[in-house]
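Read through the structure below, which is laid out as structure tokens, and then see the notes.
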Amino acid sequence: MGKDNKVATDENDKVKKGPDFIRQIINKDLETGKNGTRVHTRFPPEPNGYLHIGHAKSICLNFGIAEDYEGGLYNLRFDDTNPEKEDTEYVEAIKEDIQWLGFDWKDRLFFASDYFDKIYDFALELVNSGKAYVDSLNAEEIREYRGTPTKPGKDSPYRNRTVEENLEMLENMKNGKYKDGEHILRAKIDMAHVNMNMRDPAIYRIKNATHHRTGDKWHIYPMYDFAHGYEDAIEGVTHSICTLEFENHRPLYDWFLDNVSAPCHPQQIEFARLNLSYTVMSKRYLLELVKSGIVDGWDDPRMPTICGLRRRGVTPTAVRTLAREIGISKVNSMIDMNFFYYIIREEMNETASRMMAVLDPLKVVITNYDADTTEEFDADNNPQIENGGTRKIPFSREIYIERDDFMEDAPKKFFRLAPGREVRLKHAYFLTCNEVIKDENGEVVELHCSIDPETRGGNSPDGRKVKGTLHWVSAAHAVDAEVRLYDNLFTLEDLSNMEEGKQYNDYLNPESMMILSNCKVEPSLANAEPGAPYQFLRKGYFSADSKHHSKEKPVFNRVVALKDSWAKMQKK
RNA sequence: AUCCCGAUGGUGUAAUUGGUAACACACCAGAUUCUGGUUCUGGCUUUGGGGGUUCAAGUCCUCCUCGGGAUGCCA
């Protein structure tokens, strides 16, 4: 089966996708020798939040490109230019997430704050050449002076300060002689420029704040547009890949590089960020979900954060496969969450150990089976793997089956257990339901069934067939477990498309987490390690929860359900 | 409103860069199966609109329409 797959893949390779538009640019640069033979990228997170799957797309792109080219290099650089928002706590979390994804930046871990001196020198260059000035307008005035997209701005009255005066004031800004917002260093470009970003953008703002790495050394901090190109140039980055919203900033990126003695001029290239249906990617929403307690922290298994996915049981391979399969373009698009689920299933089908786990147990007493007997059956660990091996599973008089595998008034198309009907207990016997026991409320509490001893192992000597095969677990041997079923966090596919007057939390999915605390599972599952993939037969892929699972009290997260064509049929 | 970017099926991405639209998902139908899983077979649907260049246009030009971004001392 796996072999057939390989052949098909090889055939597909002949018609495989061409390089994406960014790799095409790089190929061309390599041909023309623009950067010699170098390909050098970077991922520049701001340490002010946790990484999510959208970042993963960017990481896979940036780092993946460098890996694709011989001699290619990639940097991890923390863009820590705003001390008020950033914290070293995030630095470690981000590093851990990127490592988990399988990338190794080796000795190329950098911090923008390490370049503060060099960046300041670039500012001095601009001041000295008359291309930057200290403005003393306040924030509101600056906004007014900027004009609008249709109306040109006007020059600040401070625009023509002398180089000497600018130099002196900048020095004072740097040394903390002023209060926050009192002055600001601006580039002198063009207050009437059609691109608002070019209307004398801010270079340094005064922030008398303690930086998580430079402490109190600085009282001014560089703006993103001003600093970013220099950070890239200092590191010798060749291709500076960022998301679409920076497209309008590219002229500025280039301007800052062109007007000082930068060591090189990296090329900024923009691509469309990832949107996934039924979830949110914005830092603000994610933070609110955590702070309001709607989710159980950044690593809640419903969160699209890397740590959330990890805790849920999603593998790094699945994330990287997704990043590769969705491609890369400049079109804003929405990836169907089901596509991600498909990728996860495809991988786990190959890797997950099959296990018996009954999530909603219904007791079955096998009336013709001896109460003191226990026998063992061989069960496949993974039928997808040729020599996947088997394990022993115990069988006894009382077992549990899934409650919805029984139906009292079953339609013809229902292939599972019903009064008088025969099914197969996976790996064990054919089973017929003889009697339904109910409580005073009429609820089914127990089934009395009988097995056909001739069908031991799961096949009948007379060749008769059964339509359904059920998973089960021996009551005497089962371990109690908690299982958490997850679904999309939101009921709205595209959260940027909310009805008027509605908030994102009006669309929270009340069934995003269903905790089943009365599950019965195979004994060996108590020893499960978080991250190890399991398939609970006929139910889905699961993984032990890294936060709550213990041998004494097993807790499993559902990564993704199995396809269920019976459920689909019922919906119709 | 002005500027920038974009537009290929239900979704995402391709198309040897001007050579006659493909791959995957989804969906539908059937087969196989000790998981209603997997696998297999078949089906479905596509170049936003108008003009132009050309033997030939998804690709080039032009106008229009629609969508996204830009009016932080955030990144």
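Chain A is the first sequence line, chain B the second, and so forth, proteins listed ahead of strands; every chain is numbered from 1. When reading the values below, keep in mind they use all heavy atoms of this one structure, side chains included, and skip hydrogens, waters and symmetry mates.
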Do the side-chain N or O atoms of [X] get closer than 4.0 angstrom to the phosphate oxygens (OP1, OP2) of [N]?
{"X": "A:Arg205", "N": "B:C74", "result": "yes"}
{"X": "A:Lys467", "N": "B:U33", "result": "no"}
{"X": "A:Arg284", "N": "B:A75", "result": "no"}
{"X": "A:Lys207", "N": "B:C74", "result": "yes"}
{"X": "A:Lys568", "N": "B:C28", "result": "yes"}
{"X": "A:Lys563", "N": "B:U38", "result": "yes"}
{"X": "A:Ser329", "N": "B:G12", "result": "no"}

Could you tell me whether [X] contacts a base, only the sugar-phosphate backbone, or nothing, with contacts defined as non-hydrogen atoms closer than 4.0 Å?
{"X": "A:His193", "result": "nothing"}
{"X": "A:Ile328", "result": "sugar-phosphate"}
{"X": "A:Tyr342", "result": "sugar-phosphate"}
{"X": "A:Leu185", "result": "nothing"}
{"X": "A:Phe414", "result": "base"}
{"X": "A:Gln24", "result": "base"}
{"X": "A:Thr81", "result": "sugar-phosphate"}
{"X": "A:Asn459", "result": "base"}
{"X": "A:Lys413", "result": "base"}
{"X": "A:Ile335", "result": "sugar-phosphate"}
{"X": "A:Asn138", "result": "base"}
{"X": "A:Met569", "result": "base"}
{"X": "A:Phe339", "result": "sugar-phosphate"}
{"X": "A:Arg416", "result": "base"}

- Does A:Gln535 make a side-chain donor-acceptor contact with the base of B:U35, cut-off 3.5 Å? yes

- Message: Can you tell me if A:Tyr224 is stacked onto the base of B:A75, using a 5.5 Å centroid cut-off and an angle below 30°?
- Response: no

Does the separation of the ring centres of [X] and [Y] fall below 6.0 angstrom?
{"X": "A:Phe116", "Y": "A:His211", "answer": "yes"}
{"X": "A:Phe536", "Y": "A:Phe542", "answer": "yes"}
{"X": "A:Phe226", "Y": "A:Tyr204", "answer": "yes"}

From [atom1] of [X] over to [atom2] of [N], roughly how many Å is that when rounded to an integer?
{"X": "A:Glu493", "N": "B:A26", "atom1": "CD", "atom2": "C1'", "value": "12 Å"}
{"X": "A:Met348", "N": "B:U35", "atom1": "CE", "atom2": "C1'", "value": "17 Å"}
{"X": "A:Met334", "N": "B:U13", "atom1": "CE", "atom2": "C1'", "value": "17 Å"}
{"X": "A:Leu61", "N": "B:U13", "atom1": "CG", "atom2": "P", "value": "12 Å"}
{"X": "A:Arg250", "N": "B:A75", "atom1": "CZ", "atom2": "P", "value": "20 Å"}
{"X": "A:Lys426", "N": "B:U33", "atom1": "NZ", "atom2": "P", "value": "13 Å"}
{"X": "A:Asn382", "N": "B:U39", "atom1": "CG", "atom2": "P", "value": "13 Å"}

Taking NZ, NE, NH1 and NH2 as the nitrogens, is one of them in [X] or [Y] under 4.0 Å from a carboxylate oxygen of the other?
{"X": "A:Arg416", "Y": "A:Glu402", "value": "no"}
{"X": "A:Arg213", "Y": "A:Glu86", "value": "no"}
{"X": "A:Arg456", "Y": "A:Glu375", "value": "yes"}
{"X": "A:Glu522", "Y": "A:Arg391", "value": "yes"}

Pairwise [atom1] distance, [M] and [N] [rounded to whole Å]:
{"N": "B:A22", "M": "B:C3", "atom1": "C1'", "answer": "36 Å"}
{"N": "B:C40", "M": "B:A26", "atom1": "P", "answer": "13 Å"}
{"N": "B:U13", "M": "B:G6", "atom1": "P", "answer": "14 Å"}
{"N": "B:C27", "M": "B:U11", "atom1": "P", "answer": "15 Å"}
{"N": "B:C64", "M": "B:C5", "atom1": "P", "answer": "16 Å"}
{"N": "B:C25", "M": "B:G42", "atom1": "P", "answer": "14 Å"}
{"N": "B:G18", "M": "B:A56", "atom1": "C1'", "answer": "8 Å"}
{"N": "B:U54", "M": "B:A15", "atom1": "P", "answer": "27 Å"}

- Query: Atom NE2 in A:His212, atom NZ in A:Lys85: separation rounded to 0.5 Å?
  - Reply: 13.5 Å

- Query: A:Phe377 vs A:Trp472 aromatic rings, parallel, tilted or perpendicular, using cut-offs 30° and 60°?
  - Reply: perpendicular

- Is B:U38 in the syn or the anti form, by the rule that syn lies within 90° of 0? anti

- Task: Have a look at B:G72 and give me syn or anti from its glycosidic angle (syn if within 90° of zero).
- Result: syn

- Task: Verify whether one side chain among A:Tyr253 and A:Gln267 offers a donor that lies under 3.5 Å from an acceptor in the other.
- Result: no

Tabulate atom names and distances for all N/O pairs under 3.5 angstrom spanning the protein and nucleotides 41-46 of chain B.
none

- Item | Which nucleotide in B:C74, B:G12, B:U35 has an atom nearest any side-chain atom of A:Ile326 | B:G12

- Item | Closest nucleotide among B:A75, B:C73, B:G37 to the A:Ser565 side chain | B:G37

- Query: Which one is paired to B:A15, where only Watson-Crick or G-U wobble pairs with both distances under 3.5 angstrom count?
  - Reply: none

- The Watson-Crick or G-U wobble partner of B:G6, with both key distances under 3.5 Å, is B:C66

- Shortest non-hydrogen contact from A:Lys151 toward A:Arg199: O-NH2, 2.7 Å

- Counting distance only, does the side-chain N/O of A:Glu141 pair as donor-acceptor with the main-chain N or O of A:Asn138 below 3.5 Å? yes

- Message: Under a 3.5 Å distance rule, please check whether A:Asp135 uses its side chain to pair with a backbone N or O of A:Arg159 as donor and acceptor.
- Response: no

- Would you say A:Leu562 and A:Gln535 make side-chain contact, with heavy atoms under 4.5 Å? yes

- Query: What one-letter contact string describes nucleotides 63-72 of chain B from 5' to 3', where B marks a base within less than 4.0 Å of any protein heavy atom, S marks contact via sugar-phosphate atoms alone, and - marks no contact?
  - Reply: -----SBSBS

- Message: For A:Thr150 and A:Leu562, find the nucleotide of RNA chain B closest to each by heavy atoms; which residue's nucleotide sits nearer the 5' end?
- Response: A:Thr150

